[in-house]
Amino acid sequence: MGDAVAGSKVDFGALAVLHKWPSLANQRRPDRESYRISEGTLDECISAFMEKPATTRHLYEIRTAPQPPLVTEILSPEHVIELSRLREFL
């Protein structure tokens, strides 16, 4: 991500939705669909995600319009954490 970050701008004001996967024993249920937790800007969804306990973050994802090369349509927990760290530089 290092080279991509140098010349990239991310629109943290873009619309985004925080989703949660149904779980059993703190594991995603592959037989179920994720559901909407909150809707707002990418920045708001990242903040809401980061407020979740670290032990449950793997149950969440953010969906937004892609902004290549850094932002994909569905942001995994690892991707959200990285974007959170880079927010002030982008």
Side-chain angles (χ1 to χ4, degrees):
M1 242 187 196
D3 291 338
V5 171
S8 298
K9 278 295 210 188
V10 173
D11 179 7
F12 287 99
L15 294 178
V17 179
L18 179 63
H19 278 251
K20 182 179 186 293
W21 284 88
S23 62
L24 181 62
N26 203 28
Q27 296 299 314
R28 283 185 180 190
R29 301 267 322 256
D31 60 330
R32 304 284 172 93
E33 294 293 321
S34 66
Y35 55 92
R36 185 179 301 222
I37 295 291
S38 65
E39 192 172 328
T41 65
L42 180 56
D43 189 54
E44 292 167 341
C45 287
I46 290 172
S47 294
F49 173 89
M50 294 305 291
E51 291 173 358
K52 305 296 180 199
T55 57
T56 64
R57 288 183 186 157
H58 65 284
L59 300 173
Y60 296 86
E61 64 190 19
I62 294 176
R63 297 182 183 189
T64 188
Q67 298 179 48
L70 297 178
V71 177
T72 57
E73 185 175 2
I74 299 176
L75 301 171
S76 69
E78 297 79 17
H79 198 157
V80 175
I81 291 167
E82 189 66 22
L83 280 175
S84 177
R85 288 185 195 141
L86 295 172
R87 238 189 313 205
E88 62 191 69
F89 302 108
L90 300 174

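Keep in mind that the numbers below use all heavy atoms, side chains included, and drop hydrogens, waters and symmetry copies. Small disclaimer: the values here were computed from a predicted structure and weren't measured.
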Inset, instruction - Enter the distance from Arg57:CZ to Glu51:CD here, rounded to the nearest 0.5 Å. - result: 10.0 Å

Legend entry - Rounded distance (nearest 0.5 Å) linking atom NE2 of His19 with atom CG of Leu59: 14.5 Å

Inset, instruction - Quick one: pull up CD1 in Ile46 and CZ in Phe12 and give me the separation to the nearest 0.5 Å. - result: 5.0 Å

Legend entry - Atom pair CD/CH2 of Glu33 and Trp21 - distance to nearest 0.5 Å: 5.5 Å

Inset, instruction - Over all heavy atoms of both residues, which pair between His58 and Pro77 is shortest? Give the atoms and the distance, please. - result: CA-CG, 3.7 Å

Legend entry - Given Lys20, Arg29, Glu61, the one that forms side-chain contact (heavy atoms from CB on, under 4.5 Å) with Ser34: Glu61

Inset, instruction - Please examine the side chains of Leu75 and Leu83, heavy atoms only from C-beta on, and report whether any two atoms are closer than 4.5 Å. - result: yes

Legend entry - Contact summary for Arg28 and Tyr60, nearest pair of heavy atoms: NH2-O, 3.6 Å

Inset, instruction - List for me each residue that meets side chain to side chain donor-acceptor pair (under 3.5 Å) alongside Thr64, sequence neighbours excluded, and say none if there are none. - result: none

Legend entry - Nearest non-hydrogen partners of Ile74 and Arg63, listed with the distance: CG1-CG, 4.0 Å

Legend entry - From Asp11, Val17, Ile62, residue fulfilling side-chain contact (heavy atoms from CB on, under 4.5 Å) relative to Leu42: Ile62

Inset, instruction - Nearest 0.5 Å please: distance from the SG atom of Cys45 over to the CG atom of Leu18. - result: 5.5 Å

Inset, instruction - State, to 0.1 Å, how close Lys9 and Gln67 come at their nearest heavy-atom pair, and which atoms those are. - result: O-OE1, 4.2 Å

Inset, instruction - Examine distances only and state if a side-chain atom of Asn26 and a backbone atom of Thr55 form a donor-acceptor pair shorter than 3.5 Å. - result: yes

Legend entry - Side-chain (Gln27) to main-chain (Leu24) donor-acceptor, under 3.5 angstrom: no

Legend entry - Heavy-atom side-chain contact between Glu39 and Leu15 under 4.5 Å: no

Inset, instruction - Starting at CZ of Arg85, measure out to CE of Met50 and round the result to the nearest 0.5 Å. - result: 7.5 Å

Legend entry - Side-chain donor/acceptor of Ser47 to backbone N/O of Asp43, under 3.5 Å: yes

